[in-house]
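Everything on this sheet refers to the single structure shown next.
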Amino acid sequence: QVRRPLSMAIILMALQQYCGINGVWYYSTEFFTQAGLPNPLAGSLLSSVIFMFATLASVPLIEKAGRRRLLLRGQIGAATSLAL
């Protein structure tokens with residue numbers, strides 16, 4: 001009973017690592033430095049705050065649309081992008 005949901009969770013987490021967002025957040029201060037911002041840490045903080053509020057705003061929308069359907073479509077899109 002637990003094996004299939006656990007396997008799906010592990011696969012989804014592993015596939016999420018390939019989307020590249022972790023690298024963007026890790027190097028965000030360097031991105032903002034190269035973009036010419038006088039305070040790249042403030043730019044990184046502001047983008048993190050915007051990301052947090054966007055995440056909070058999206059939770060009701062995700063619940064309304066259905067998690068399973070969104071996860072399946074998102075994974076198909078990610079797999080297609082990786083294949084190209």
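- How far OG of S28 is from CG of L46: 11.0 Å, rounded to the nearest 0.5 Å.
- The heavy-atom pair separating F32 from S47 by the smallest distance is CE1-OG, 4.0 Å.
- How far OG1 of T80 is from CD of Q75: 10.5 Å, rounded to the nearest 0.5 Å.
- Note that CG of L70 and CG of L61 are 9.5 Å apart. Values are rounded to the nearest 0.5 Å.
- In this structure, A65 and R69 approach most closely via the heavy-atom pair O-NH2, 3.1 Å.
- Here R68 contributes atom CZ and M8 contributes atom CE; the two are 7.5 Å apart, rounded to the nearest 0.5 Å.
- One hydrophobic cluster, built from ILVMFWY side chains closer than 4.5 Å, holds both F51 and Y26.
- Remark: M52 CE to L56 CG distance equals 6.0 Å, nearest 0.5 Å.
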Legend entry - Pair F31-S44, side-chain contact (heavy atoms from CB on, under 4.5 Å): steps then yes or no: CA-CA 9 Å; F31 293 154; S44 181; over 6 Å; no

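- Atom CG in N39 sits 9.0 Å away from atom OG1 in T33 (nearest 0.5 Å).
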